[in-house]
Amino acid sequence: MFKNMRLHPKITFAFVTTVIITAMIIIIIANISTNFIFKDFVVQYRTVRLEQWADIFTVHYIQKGGWEGIEDIFEEPGHRRGRGGRLLPGDQIMLADDGGRVILDTRDPVSDNRMLSKTALAGGFPIQVAGIRVGTLFLNPAAPQGTLSLEEEFSRSVTGAILGGGVIAVGLAAVISLFFTRKIVSPLYRLNAGVKEFARGNYKTRVIVDSQDEIGKLGEAFNFMADSVEKSEELKRNMTADVAHELRTPLSILRGNLESLQAGVIEPDPQVISSLHDEIIRISMLVNDLQDISLAEAGKLNLNLLKTDVEDLFNKVFQTFQYEIFLKRIKFEKNVFQEHLILKIDRDKIMQVLINLLGNALRYTPKGGKIVLGAEIKGAHVVINVSDSGPGINSEDLPYIFERFYRSRKEYPKKDGGSGLGLAIARSFIEAHGGYIWVKNNTQRGSTFSFSLPYTASQSSE
Ligand code: ADP
């Protein structure tokens, strides 16, 4: 039943049920306390009153030497003030003498021959003078019934009041819960509709967020997810166009040159052949890059894990770029915080990552700038940083920089820019090793690309 119920009636139902249960518990507790505490109170109160009246009658008996003139007792102001005995509205006082004859009754006129049975006398309050029972006093002889009805009446009116209050509370609870659940649930309905629309492929769907509570945060999270899915879908859609675009330039160069050779416009001299060769290399590099990425994304990249000294890797990558570093008069620093830091990695792949990162750093760092290559142990990882003093990354590019073919708009038209695959390859290689890659802009100038690789101390000592 609950499974198929919508949230709105479910919350209202829970609310109203809680109020009903609360009212029922209060009614039960009130009834129990009425029965126990109130009954006890009534009995005690009755006893105290009986004792007070008994005192008054005893004094009269002693003073008058018998029960004569007992009816006048209610005329005497003394019993009202001094002793506390008092006739309350509806009270009935009855007195029987030592023989059991009724000699006083405040409700029914006394007749001479009204005798009380022994059992009836046993239920009365004995009046004793000098240890001898001279009479029996009754306060509201119909008491057992009367007392009970008083309790019952009290208990009934309490139950009635609680029931009345309960009905009002249930009504109020229903109205309030309808109002609040509508407030709670309507953003969820909107979110639900948004998710369905998004699942249908409308990646532009966003939901309106009008609160800062958990549901509002859920809406924000959905919008954030929708932003990145939309962006990566766009990148995916553009992938084919990007591949075509990347291939077009080298292919048209090849075609132009080959046609010119065929037409005899140019001679097949070593320079022409070398430029044709360069274009072929560009194409095969692109195809290799794409293959690596798709293999890594499919989890099919074969890693040839070998123990590798980080310092050696750094030296090798430095040698690769030595000439460029020299030409651009770059200040190059190397910080490895531990000697013989050994990692179990696929050397070629990590070397490729370092080449991509250092290549970018060199591309974007102006002449005379600074590049720092560092490695440090952080828990179960070694973090390698490539920091440069270039322009840094635009904040709008930051979330997408590791996507395939993503190039900053600023850099896009530039000829010396790469294919936009360098960082995507780096990410897929690092993730295949079980690590992470990320970038941060430096507080001063430039950016720092970092990646982590799993590390255990035993790797270095083995
Ligand atoms: P490419 O091969 O075109 O450089 P990448 O994937 O390596 O592609 O880089 C993507 C984009 O990231 C570049 O177009 C550039 O805008 C930006 N980028 C990468 N490295 C740096 C860096 N060190 N400093 C500034 N921008 C960078």
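Side chains included, hydrogens not; waters and symmetry mates left out as well; all remaining heavy atoms used. Residues take their numbers from the sequence shown, with the count starting at 1. Start at 1 and go down the list; that is how both ligands and their atoms are numbered.
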Option among L357, I325, L358 that satisfies the side chain to side chain contact (heavy atoms under 4.5 Å, CB included) test with I371: L358

Test salt bridge (charged side-chain N to carboxylate O under 4.0 Å, His left out) applied to R190 - qualifying residues, sequence neighbours left out: D210

Quick one: which ligand 1 atoms are inside 4.0 Å of a heavy atom on [X]?
X	answer
G422	2 (O), 5 (P), 6 (O), 7 (O)
G392	25 (C)
S447	22 (C), 23 (N), 24 (N)

Centroid-centroid distance, F222 to F198, less than 6.0 Å: yes

Proximity winner for atom 13 (C) of ligand 1, if only heavy atoms of Y406, F449, Y364, F405 are counted: Y364

Residue selection (non-hydrogen contact nearest atom 27 (C) of ligand 1) among T365, L398, I393, L357: I393

Geometric N/O contact [X] with ligand 1, under 3.5 angstrom:
X	value
L423	yes
G420	yes
R363	yes

Atom CG of D269: over 12 foreign heavy atoms under 6.0 Å: yes

More than 12 heavy atoms of other groups within 6.0 Å of Y189 OH: yes

Non-hydrogen atom of F402 closer than 4.0 Å to ligand 1: no

Ligand 1 contact by N356, heavy-atom criterion under 4.0 angstrom: no

Compile the donor-acceptor pairs under 3.5 Å between side chains in residues 15-30 and protein atoms, sequence neighbours left out, one pair per line.
unit_1	atom_1	unit_2	atom_2	d
T17	OG1	F13	O	2.4
T18	OG1	A14	O	2.5
T22	OG1	T18	O	2.5

Short side-chain donor-acceptor distance under 3.5 Å, S447 and N441: no

